[in-house]
Each structure stands twice: as structure tokens, then as C-alpha cells.
Amino acid sequence: YRWTQWLFLQLYKKGLAYKKQAPVNWCDSCKTVLANEQVVDGSPRSEVGAGKCERCENQVIQKELEQWFFKVTDYAKELLEKIDSLDWSDALKATQKNWLGKSEGAEIEFNVQHLTFNIQVFTTRPDTLFGATYLVLAPEHGLIKDLKLKIDNWDEVEKYINQTKSKNKLERTDLAKEKTGLELKGIKAVNPATKKEIPIWLADYVLTDYGTGAIMAVPAHDERDFEFARKFDLPIAEVISGGAGGQCYSGEGKLINSDKFNGLSSEEARDKITKFVKGEKKVQYKIRDWLVSRQRYWGAPIPIIYCDKCGLVAVPEKALPVLLPDDVDFKPTGESPLKSSKSFNNVKCPKCGGAARREADTMDTFVCSSWYFLRYCDAHNQQEAFSKKAVKYWLPVDLYIGGMEHAVGHLIYSRFIVKALRDMGYLKFDEPFLKMRNQGIILAEDGRKMSKRWGNVINPDEVVEAYGADTMRIYEMFMGPLEDTKPWSQQGIIGIRRFLEKVYKLISNELKIQNLKLNKNSKFKIDNLQRLLHKTIKKVTEDVEALKFNTAISSMMIFMNEAVSNEQLSKEQLEKFLIILSPFAPHLAEELWQSLGHQESIFTAKWPEYDKKLIIDEEVTVVVQINGKVRAEIKAARGASQKEIEKLINDLTNVKSHLQGKEIKKVIYLQDKLINLVVN
RNA sequence: GCUGGAGUGGCGGAAUUGGUAUACGCGACGGACUUAAAAUCCGUUGGGGGCAACUCCUUGUGGGUUCGAGUCCCACCUCCAGCACCA
């Protein structure tokens, strides 16, 4: 964590790490704050449904605290734009795009009537400006206090603000709940397009931390504004055609009731109206800065010192690491545990030498995990976090495998850190993980998630005990595609055990290992087995590359079944087979390899190459279709011409009977595969 | 509501990307071995009809394109995942 602290200092120097007072997520069971990304909805089957700590599933509450943040928002644009250049799954990309939440619109200024104050709003629909019949501010909006003396119903307003404060995020964002709000009496705003006076309201459905914390309400063309206007009897002005009377229409269309802009399309009008009222085009993102402070013991201490004279002072890099003290109780209490350590807390200011105290919070563990792959390239370097040379050699990561749950946490943080370090000159690449695959989770046999709560957990140690580690390993790969969520089957695993036993028996004298040339009578079979082996090598090689382990295993099973039923297999064939099996069943393959007399490990053996000539069959099966329906199949020599095939199939009784009294209108021939006779 | 993904036998799943649907495995049924069971081995196994050769139906539903559709297009249904009063 010395180098994690170093990383913090680099971000701090660049202004990318900062401290601010803000409402934050607090888990009262873990006794710490959480990042937005660490608050989850909970399992779909949970009773309550929203806002839970991802670690303990406790309901998260909001607290107003001063905390450290990393400025991920500075990179929102690039984080979004570069997603499409990555070889990641669509689901992962979409989730991350969702989280970044880009929306394009404009900031427009509304003057407060007869006063010098004005209110900025963000809207994605400047084309509907003529229909803005009132404004709504978030209860936390800074302007409200400034206008206190002008507001006639201040007592009521204050009461509403306090009510909002007492609500947690869950209560406030409950979609089912009816909207609440009240008017700021005594003041009015002016719609910059219509120049008409419009009322200013306060409502908790407007969020303080998105956009400007204020909206222009267009009830005719926004569902939420419509609902609000109906409840409080506010005017509704239709400015986009296309809606049914008396209903809200949130789509686009031609402008109406919009003065000189009438007749324009929504798209054309957006720019023009924004210019007309001297508004500014703006792009908004939903993502917030990353809250990295934690009130926990286990974590890298934040390398900052507070001095009464100098204020906030960074720990000099030479003084790193700031070690965790051992004279504290590390159980979470809600206060940072490091605060209670005398040895840790009291220090001298690095600038003036005066009495000072250390920052007592530690960093989110995700700070460490957002750059570990850089350190892994150069783990023993004592002079720097990583050398440019080592990082250039190893990174970016070619293939990264991990769960979907990292979509909006680790994977965004890592991308952010890499971009920040790149801009500081430490790295020369933009993205940490070029190709990413998400393994699906293995569910319990009942199709639910494995959980202590359901008592359906499969203990891998017990599986290994009963069937062996190789069996367990292969079964997990055989169950289905890597990325699929799939249920475990205690019954199904026996098939893999049988397969491996078949392989084992091959060398335990139950089957004879013979040389290829051995038996004239079985030459045909041996030839076929040799062909099958090479097809299997091809299939396994390609499937491994594509991470399609389930079909690779299936093809090895087919080969084994064939080898066993023929009771023929040369030592050379067995060896090649063992090598392709070895990544799947390392223990068994190694043991059999040694028993064949090898001194070196099987993992030093060269991966077999397939013979291109052997994977092509000389005799092929051609399917005979009549009007697209399979009526017969024939064996033919590879490369047979259409005429030759037509001659062959004419004699087939089933073909004859289907052609009786009919006329062949067209013949479709796919070499070595299929012939389709189209008849009337 | 928005975004992404998926619907194939009793079950997990294959299908060269438009060309024999159900590979491989589990389970089930029948048989061999056994006093018996387990293990192992052999056979059968999508559904219907037929003694049989064969034949009809079948990839969530309904349409369409095509010589030919699990695969492509349109509409719908269901499930999973993510986001959600984001203006």
C-alpha cells in the first residue's frame, strides 16, 4: 500500500483527488461510507428492494460528511467514447454506458422577475422551451436561502426543506409515491422565450446533484412534469404536435405555439431556440465522483496531514508508506479506528514542523484493485510503483476474465486510473483491459443463487474429495458456455468422472496400446482413428482459443469413445491426446504422461499440430433433399460433380418415388454437402 | 419505463453462422455379468402414425423472405441482468 498511497498523491497533485462535504451513503452495519457503485438493489427476491450495502445487504442511509473523492467525472467523456473500441460483451458495455449516463442538452438561464438573481436549468429538450410553464428547484438548491427575504411563505418552505432532509434516498426516490412540492410565493421567473412570468416551485423529485439542481417544467411533453402539473393545477401548454388531446406527449414532432419557430422539427429547433435565448449546449453525465474514504482499519491510510497553520499537507513521497498502527482496536465503530491511535494520529507538519494530525480514514480497497495490474508487472521494484519498461512489455492486459459485478465498479475505476496516469506521462496506453469475458455464475441445483440462507451451497472441497480435482475442473467447463449462468448438477458430474476413468484405463492394461501398422484387417479403423485424432486436435485448439471449453471437452469424449470401441490406439496417438487433455485434467494427464516413461513434465511438451490432409475426409455424405426436405443421403467421393451426384441419386428408390409424375425445375448443389431438387 | 441478453428433448446443452435440428453428457428404459446390489459393458431413448420400407409434426407464439430458416426480417409473449423521478 505504499504505492497505492503514492498513486493517491499523484492524483492529489493533479487535482484529481479532493475533499468535500457531501451527502454520502452510509452502512450502519459495516460502519463506513460506501461509493455509489457499492450500493446495490439487493437480490431480486428481497422484500424491500432498493439501496443496500453490497457487502452485508444492510439498508444504506444517507449522511452528510466530509470525504475524499477521485474526480472520475473529468474522464466521463473518454470513458464513454472508448467503450466501443473494447472487445467486451454487449451486456457489459451497455451496463457501463448506462452508468456513465450521457445526455445531451442545453443550459438555459431564467431570470427571477424584478431581481438580479437568475436560475440555470439543464434540459435535453430546449425545443419545448415555449411550453415551460413553471420552474422546479431541488429543496437543497443554494438559491433558496439567498431569496429568503423575498419568499412570502418562508415558514412553509423551511418546513418542506427539513422534511426532505429527514427522508432517506430510498423514500425520496420511490417511484410509486405521489409527487410533493410547494410554490415559492412572492417570486416569479421569466420564461426567456415567451417573456411570460412563470411560478417557481420546490419539489423533492428534482435532484440536487444532477444537472443544475433545477428544471424547467414542460408538462405537455414530460410525464413527470405532467403528473406534477395535474396535481397542483399548473398550466399546461402544448408546443409539439403529435400528442392526443389532454395527454402528455413526450415524443418529438413539429413545433406549434412557438412563435417564429413554428413548423420546425424538434431536432432543428433544439439548436435554434438554445441560440435564441443565449443558452449553452451541454453534455451531462450521471456518473458521480468516486468516494474513496473509508472509516475502516483495513485499507491504505490516506497520506494527508492536517496542520493548523499550513492546512492540508500531502505526506512527502519519501515518507511513504504511512503504516497502519497496531495500537488500535480495528473493529468498526463508525469513527475511523485510526483516530484512537496516539502513535498514528499526532505528527509533525512536514512543512512547518508544528503539531499536526493525520487523516484517519483509509482508502476503499478498490483503489488498490484499480491499479494492481500495473504493479504486477514489476512487483519487486523498490524505487517506483512500476517501471515504464515493464509496463510497456506486459500491458495492456490481453484477456481479462471476471464477473459482471465489476461492470460499474472495478472496471470503471481501473479505466479511470489508467487514463489519469497516462495523462501524467506514466503510461502510453489508454485502456487497461482490451478483451474481457464475464464468466457466468454457477447456481445451486435448485436454480437459485448459492447462499447460506437457502442452504443450497455446493462445497467444492467435498466435490473434490468425492470425484477429484480434475473431474470438478472439467465438469465446470463442460456444463455450458463460459458466460452462461447455469445450475450445478450433482448427477451430471459422474459423466466426467467416467470419461477420465476411460482415459486412465487406457494405460492400465485393460485396453491394448498397439502400433499403427500392427494389424492389416483393422487398418481402415486405425486410419479413421488417426483422422479423428487430428480433427480433435484442431477442434480443441480452436475451441480453447475461443474459450469454448464445453465443446472442446465434448470432442475429446468423442475421440475416447471411438478409441475405446476400436480397442486400438498407438502410443504416439495417446501422447498427443494427453497433451491436449492436459490443460483440462492436469493431474491425470501428468500422471499418465510419466507412466509412459517421460521424465519431463507434460507441460513442457509441445502442443500438437494437426495434419491438414488428415482432417479432410475422402468420402463424404451428401444429403439429398426434394423441395428442401431430406429424402435420402448418399456416400460419394470428395469433390464429386453435380452430374455424378445426380446419376447416383437417380437410382435411390425414395428419390424415385418422390419424383414420380413430377418435373424437376431447379437443382441446387452444394459440393460435398447437399443436393436439393426443386419440383413442381 | 429505458438498455442489454436469452427462450432448442425429462435435464445441462450442440449445430461449421442460411444447408441432415437434438452432437456430447446426465437421467430413464431393456439386456449382459452377479446369489443380489453397486460398478462396468451392450442396446433403445423428441412426439405421433405404420408389420415394414417409410411418413407427418417439432427449436417460446404468429406472420414473412428463401429451393431450404433454430439461424435473416416484422409483430407479440415469457424469463434473466443492469439502470431508473437523471429533466
Side-chain angles (χ1 to χ4, degrees), chain A residues 40-41 44 50 89-103 105 121-125 128 132 136 138 172-177 179 203-207 209-218 221-225 227-228 250 284-287 404-405 407-408 438 440 445 474-475 478-481 483-496 498-499 501-502 505 510 539 542 548 550-558 560-561 564-565 621-633 653-654 657 665-668 670 673-679:
Chain A
V40 294
D41 273 349
S89 74
D90 291 337
L92 183 54
K93 286 183 181 181
T95 300
Q96 212 169 85
K97 281 182 187 173
N98 251 332
W99 189 258
L100 289 159
K102 180 184 178 180
S103 47
V121 305
F122 173 73
T123 178
T124 54
R125 296 292 302 272
T128 64
V136 189
R172 191 170 161 180
T173 57
D174 183 5
L175 268 168
K177 169 203 88 165
K179 291 186 178 22
D204 66 2
Y205 82 88
V206 175
L207 307 172
D209 53 356
Y210 182 78
T212 60
I215 60 154
M216 62 177 220
V218 186
H221 305 293
D222 181 284
E223 298 284 352
R224 296 152 303 180
D225 299 341
E227 185 198 329
F228 194 79
S250 54
Q284 277 289 336
Y285 293 91
K286 278 198 270 186
I287 191 167
M404 261 303 282
E405 71 273 16
V408 300
N438 311 114
E445 290 206 80
I474 296 184
Y475 182 61
F478 183 66
M479 285 166 72
E483 312 212 3
D484 283 12
T485 301
K486 42 208 177 283
W488 180 263
S489 165
Q490 203 63 269
Q491 260 179 346
I493 192 169
I494 190 68
I496 303 298
R498 286 180 191 146
F499 164 61
E501 275 173 3
K502 225 177 249 184
K505 281 176 188 167
E510 292 196 17
K539 177 82 177 145
E542 288 170 357
K548 287 157 87 177
N550 53 334
T551 48
I553 292 160
S554 144
S555 73
M556 287 189 284
M557 285 172 167
I558 292 169
M560 273 321 289
N561 291 345
V564 168
S565 70
T621 303
V622 176
V623 172
V624 184
Q625 292 185 338
I626 291 163
N627 280 346
K629 292 208 170 190
V630 179
R631 293 302 176 191
E633 56 177 54
T653 50
N654 206 30
S657 68
K665 294 176 103 177
K666 198 175 168 188
V667 179
I668 285 142
L670 255 95
K673 259 193 181 159
L674 174 139
I675 185 160
N676 187 15
L677 310 176
V678 185
V679 300

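Proteins get letters first, then strands, A, B, ... in listed order; numbering begins at 1 in each.
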| message | Taking syn as a glycosidic torsion within 90° of 0 and anything else as anti, which one is B:rU17? | response |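 Base orientation: syn.
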| message | Which is it for B:rG70, anti or syn, if anything within 90° of zero counts as syn? | response |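 Glycosidic conformation of B:rG70: anti.
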| Does any N or O in the side chain of A:Q96 come within less than 3.5 Å of the main-chain N or O of A:A407, such that one atom is a donor and the other an acceptor? |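 Side chain of A:Q96 to backbone of A:A407, a donor-acceptor pair under 3.5 Å: yes, one is there.
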| query | Is a side-chain N or O of A:K486 found less than 3.5 angstrom from the main chain of A:D484, in a donor-acceptor match? | reply |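 Side chain of A:K486 to backbone of A:D484: a pair is present.
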Produce the list of close N/O pairs, under 3.5 Å, pairing protein atoms with atoms of nucleotides 45-54 of chain B; give distances to one decimal.
none

[N] pairs with which nucleotide, Watson-Crick or G-U wobble, both distances below 3.5 Å?
{"N": "B:rU35", "answer": "none"}
{"N": "B:rC2", "answer": "B:rG82"}
{"N": "B:rG43", "answer": "B:rC29"}
{"N": "B:rU20", "answer": "none"}
{"N": "B:rU65", "answer": "none"}

[N] and [M]: how far apart are their [atom1] atoms, nearest whole angstrom?
{"N": "B:rG27", "M": "B:rC77", "atom1": "P", "answer": "40 Å"}
{"N": "B:rA32", "M": "B:rA36", "atom1": "C1'", "answer": "15 Å"}
{"N": "B:rU59", "M": "B:rA69", "atom1": "P", "answer": "11 Å"}
{"N": "B:rG47", "M": "B:rU22", "atom1": "C1'", "answer": "13 Å"}
{"N": "B:rG7", "M": "B:rC73", "atom1": "P", "answer": "14 Å"}
{"N": "B:rC67", "M": "B:rG62", "atom1": "C1'", "answer": "24 Å"}
{"N": "B:rG13", "M": "B:rC51", "atom1": "P", "answer": "39 Å"}
{"N": "B:rC41", "M": "B:rC54", "atom1": "P", "answer": "32 Å"}

Rounded distance in Å - [atom1] ([X]) to [atom2] ([N]):
{"X": "A:K665", "N": "B:rU66", "atom1": "NZ", "atom2": "C1'", "answer": "15 Å"}
{"X": "A:Y210", "N": "B:rC85", "atom1": "OH", "atom2": "P", "answer": "12 Å"}
{"X": "A:I493", "N": "B:rC26", "atom1": "CD1", "atom2": "C1'", "answer": "12 Å"}
{"X": "A:N627", "N": "B:rC67", "atom1": "CG", "atom2": "P", "answer": "11 Å"}
{"X": "A:E483", "N": "B:rA81", "atom1": "CD", "atom2": "P", "answer": "17 Å"}
{"X": "A:R125", "N": "B:rA87", "atom1": "CZ", "atom2": "P", "answer": "12 Å"}
{"X": "A:E227", "N": "B:rG1", "atom1": "CD", "atom2": "P", "answer": "15 Å"}
{"X": "A:I553", "N": "B:rC26", "atom1": "CD1", "atom2": "P", "answer": "13 Å"}

Run the side chain to side chain donor-acceptor pair (under 3.5 Å) test against [X] and tell me which residues pass, sequence neighbours left out.
{"X": "A:S103", "answer": "A:Y210"}
{"X": "A:S554", "answer": "none"}
{"X": "A:Q284", "answer": "none"}
{"X": "A:T124", "answer": "none"}

Kindly give the atom pairs (protein nitrogen or oxygen, nucleotide nitrogen or oxygen) under 3.5 Å for nucleotides 27-31 of chain B.
residue	atom	partner	partner atom	Å
B:rG27	OP2	A:R498	NH1	3.4

| First of A:S489 and A:D222 reached from the 5' end of RNA chain B, by closest nucleotide |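 It is A:S489 whose nearest nucleotide is closer to the 5' end.
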| Whichever of A:T124 and A:K666 has its nearest RNA chain B nucleotide further upstream toward 5' |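 Mapping each residue to its closest nucleotide by heavy atoms, the 5'-most match is A:K666.
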Any residue meeting salt bridge (charged side-chain N to carboxylate O under 4.0 Å, His left out) with [X], in chain and number order, not counting sequence neighbours:
{"X": "A:E227", "answer": "A:K179"}
{"X": "A:K93", "answer": "none"}
{"X": "A:K665", "answer": "none"}
{"X": "A:E542", "answer": "A:K538"}

Looking for any heavy atom pair under 4.0 Å, which part of the strands does [X] touch: base, sugar-phosphate only, or nothing?
{"X": "A:T123", "value": "sugar-phosphate"}
{"X": "A:D225", "value": "nothing"}
{"X": "A:K629", "value": "sugar-phosphate"}

| task | Classify every nucleotide of nucleotides 6-20 of chain B by which part a protein heavy atom approaches to under 4.0 Å, writing B for the base, S for the sugar-phosphate alone and - for neither, in 5'-to-3' order. | result | ------BSSSB--BB
| Just by distance, with hydrogens left out, do A:N561 and A:K502 show a side-chain donor and acceptor under 3.5 Å apart? |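 Yes, side-chain donor-acceptor contact under 3.5 Å.
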| With a 3.5 Å cut-off and no angle check, do the side chains of A:D222 and A:S250 form a donor-acceptor pair? |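 There is no such pair (donor and acceptor under 3.5 Å, judged by atom type) between the side chains of A:D222 and A:S250.
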| task | Output the single nucleotide from B:rC67, B:rC85, B:rU3 whose closest atom is nearest the side chain of A:Y205. | result |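 Of the options given, the side chain of A:Y205 lies nearest B:rC85.
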| field | For A:A138 against A:L207, the heavy-atom pair lying closest together | value |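 Heavy atoms of A:A138 and A:L207 come nearest at CB-C, 3.9 Å.
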| query | Partners of A:V408 by side-chain contact (heavy atoms from CB on, under 4.5 Å), sequence neighbours excluded? | reply |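 With sequence neighbours excluded, A:V408 shows a side-chain contact (heavy atoms from CB on, under 4.5 Å) to A:E37, A:T95, A:W99, given in chain and number order.
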